[in-house]
Amino acid sequence: MTTSEIPSTEASAERQEPVCPYCRGLGFVYLDVPPVDRRYGRAVPCICQRTARRAEQTAALRRASNLQHLSDMTFETFITDRYDSPQLTMALQEARSAAQAYAANPLGWLVLTGSYGSGKTHLAAAIANYRVDRARPTLFIVVPDLLDTLRATFAPDSATDYDDTLEQVRNIDLLVLDDLGTQHTTPWAAEKLYQILNHRYTAKLPTVITTNQSLSDMDPRLASRLGDTALVDVIPIMAPDYRASAGERQGGDDAFGSLDMYAGLSFDNLSDRRDELDAAQCALLRKAIRQVEQFAENPSNWLVLRGPYGVGKTHLAAAAANKVRNQGGFVRFLVVADLLDHLRAGYQPGSATSFDRRFSELRRSKLLVLDDLGSHSSTAWAQEKLFQLLNHRYVAHEATIITISAYDWDHLDERLKTRLLDSSVATIIDLQVPGYRGATRPRATPRRSTRRRES
């Protein structure tokens, strides 16, 4: 922009306060334009005034967007190398890149999922801060706080009107809802959330949601909309709680679901038993090993290892779990009978870890390995808890490895068997070979030569 006159350096230096070199503190200038231009001879706000006004508007937007205390949550301050794992670092970098791309061009919905402390809120706040810094109307609010705000408008002395507040939330340029699922799910709360999100879904208004819930745990009406891949992009952040200690991130003080007992079981020391089995059985075993190893490269859906006792099911499952853990994945490995004991202990008054937390940890593991399904006590409680856990992972297509003997398969709960037989989710590998009888040589192309027998 040019002006009709620019003050000299001497004139500016005489003043004690810094003075805009364009308007000399007047706050307006006359544009140097031809007389035919309609702006000729008219005073217009100086750039210094527009900059100050923009800063005031940004501050007001930040207050209205509840971002005053989250201003330090930016993409630059999002730490991606907080764990001693290249795989987790890469995963966090990819999540940050996706959030940055959305912030630059917010279209549709972005859903950030993950456990507590994984960084969901930081990325969501970074998106909101980015938009506010560019003077775009944005509302960042924790879901329980949103519902409290709506309830407060019904008070006789409320300074805000319910309809006005609801309308603002429903139509704001960008709505960021943090911690969906932590609200108290009364019918009123469920209805209000549905009204807000259904309106924004129908109008395709940009919306960011963070949650540690799966779709199967949500109101089916919300789950249906969040599951619409044409509008919604889901970014899972598979990182453990950065606030927890390293021990807690790997399973807690009691090593719940720890792989320590199975640390020596890998694909390298898994024998194809070629000195013990005939050629056809060896080929079947080698094929099974290849399938499980491929699953461990990119775990998704379910893998069911079925066969007699002693054929190596546990070794195969542990080898896959160790491979996923070494790649930075969060893994739980549990014998089913031990799992149920842990869950029962969570009900005890003096328990260090509640049942709900245990159950949540299991449902949100990147890979869950359940060894010896069917060998547990088949009480009604045990059947129900196992069904709840596995049905959750079945609906969400979460990576799960299950080992089961042929005998236990025949006596399995029909509800579980139906899900294990669903070929769109579960791949069954039948290990129809004799049980291990003694020492054998490793596979034909081993990397190490030790052999561990199935637990």
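Everything numeric in this text was worked out from a predicted model, so none of it was measured.
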Taking C-beta and beyond as the side chain, do [X] and [Y] meet within less than 4.5 Å on heavy atoms?
X: L139; Y: V176; value: no
X: L368; Y: E398; value: no
X: I237; Y: T113; value: no
X: L420; Y: I402; value: yes
X: L174; Y: T207; value: no
X: L370; Y: L390; value: yes
X: L285; Y: C282; value: no
X: L222; Y: L197; value: yes

Taking only residues two or more places apart in sequence or in another chain, which ones pass ring-ring contact (aromatic ring centres under 6.0 Å, His included) with Y162?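 Partners of Y162 by the ring-ring contact (aromatic ring centres under 6.0 Å, His included) criterion, ordered by chain and then number, come out as F154.
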Just jot down the ring-ring contact (aromatic ring centres under 6.0 Å, His included) partners of F295, sequence neighbours excluded, or say none.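 Per chain and number, F295 pairs via ring-ring contact (aromatic ring centres under 6.0 Å, His included) with no residue.
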Yes or no on side chain to side chain donor-acceptor pair (under 3.5 Å) for H315 and S266, after CA distance, side-chain angles and deciding distance? CA-CA 7 Å; H315 193 141; S266 69; 5.6 Å; no
One pair to check against side chain to side chain contact (heavy atoms under 4.5 Å, CB included): K192 and L146. What are the steps and the verdict? CA-CA 10 Å; K192 294 304 121 183; L146 166 62; over 6 Å; no
Using the side chain to side chain contact (heavy atoms under 4.5 Å, CB included) criterion, which residues pair with A317? Sequence neighbours excluded.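 Once residues adjacent in sequence are excluded, the partners of A317 under the side chain to side chain contact (heavy atoms under 4.5 Å, CB included) criterion are L305, F333, V369, I401, T403.
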Can you name the side chain to side chain contact (heavy atoms under 4.5 Å, CB included) partners of Q294, sequence neighbours left out?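 Expected list: none.
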Would you check if the side chain of [X] reaches a backbone N or O of [Y] as a donor-acceptor pair within less than 3.5 Å?
X: Y102; Y: G108; result: yes
X: N129; Y: M73; result: yes
X: R200; Y: I196; result: no
X: T77; Y: T74; result: yes
X: K120; Y: V111; result: no
X: R393; Y: L389; result: no
X: R306; Y: I428; result: no
X: T149; Y: D145; result: yes
X: N322; Y: A318; result: yes
X: T165; Y: L150; result: no

Pairing residues for T121 by the side chain to side chain donor-acceptor pair (under 3.5 Å) criterion, not counting sequence neighbours: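 Partners of T121 by the side chain to side chain donor-acceptor pair (under 3.5 Å) criterion, ordered by chain and then number, come out as D178.
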Under the criterion side chain to side chain contact (heavy atoms under 4.5 Å, CB included), I'd like the reasoning laid out for L386 against V336: C-alpha separation, chi angles, the key distance, then a yes or no. CA-CA 9 Å; L386 271 178; V336 173; 3.8 Å; yes
To the nearest 0.5 Å, tell me how far [X] [atom1] sits from [Y] [atom2].
X: L270; Y: E293; atom1: CG; atom2: CD; value: 9.0 Å
X: T400; Y: L303; atom1: OG1; atom2: CG; value: 10.0 Å
X: L231; Y: L110; atom1: CG; atom2: CG; value: 11.0 Å
X: R131; Y: R134; atom1: CZ; atom2: CZ; value: 8.0 Å
X: N301; Y: T427; atom1: CG; atom2: OG1; value: 7.0 Å
X: T314; Y: Y262; atom1: OG1; atom2: OH; value: 6.5 Å

Side chain to side chain contact (heavy atoms under 4.5 Å, CB included) evaluation trace for V208 with L175: CA-CA 6 Å; V208 176; L175 176 64; over 6 Å; no
What's the shortest heavy-atom distance between [X] and [Y], and which atoms?
X: L431; Y: P308; value: O-CD, 3.3 Å
X: G307; Y: Q432; value: CA-NE2, 4.4 Å
X: F267; Y: A296; value: CE1-CB, 4.3 Å
X: L367; Y: A320; value: CD2-O, 4.4 Å
X: I429; Y: A288; value: CG2-CB, 3.7 Å
X: H397; Y: S424; value: CE1-O, 4.2 Å

Once salt bridge (charged side-chain N to carboxylate O under 4.0 Å, His left out) is applied, what residue pairs with a partner in residues 411-420 remain, sequence neighbours excluded?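 Found E384-R415, D413-R415, E414-K417.
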Step-by-step side chain to side chain contact (heavy atoms under 4.5 Å, CB included) determination, I209 to L226: CA-CA 10 Å; I209 295 170; L226 294 178; 3.7 Å; yes
Is any NZ, NE, NH1 or NH2 atom of the basic residue among R225 and D228 found under 4.0 Å from an Asp or Glu carboxylate oxygen of the other?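 No, no charged N to carboxylate O under 4.0 Å.
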E167/R170 salt bridge by N-O under 4.0 Å criterion: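 Salt bridge present between R170 and E167.
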Tell me whether L421 at atom CG has more than 12 heavy atoms from other residues, nucleotides or ligands lying less than 6.0 Å away.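 Result for CG/L421: enclosed.
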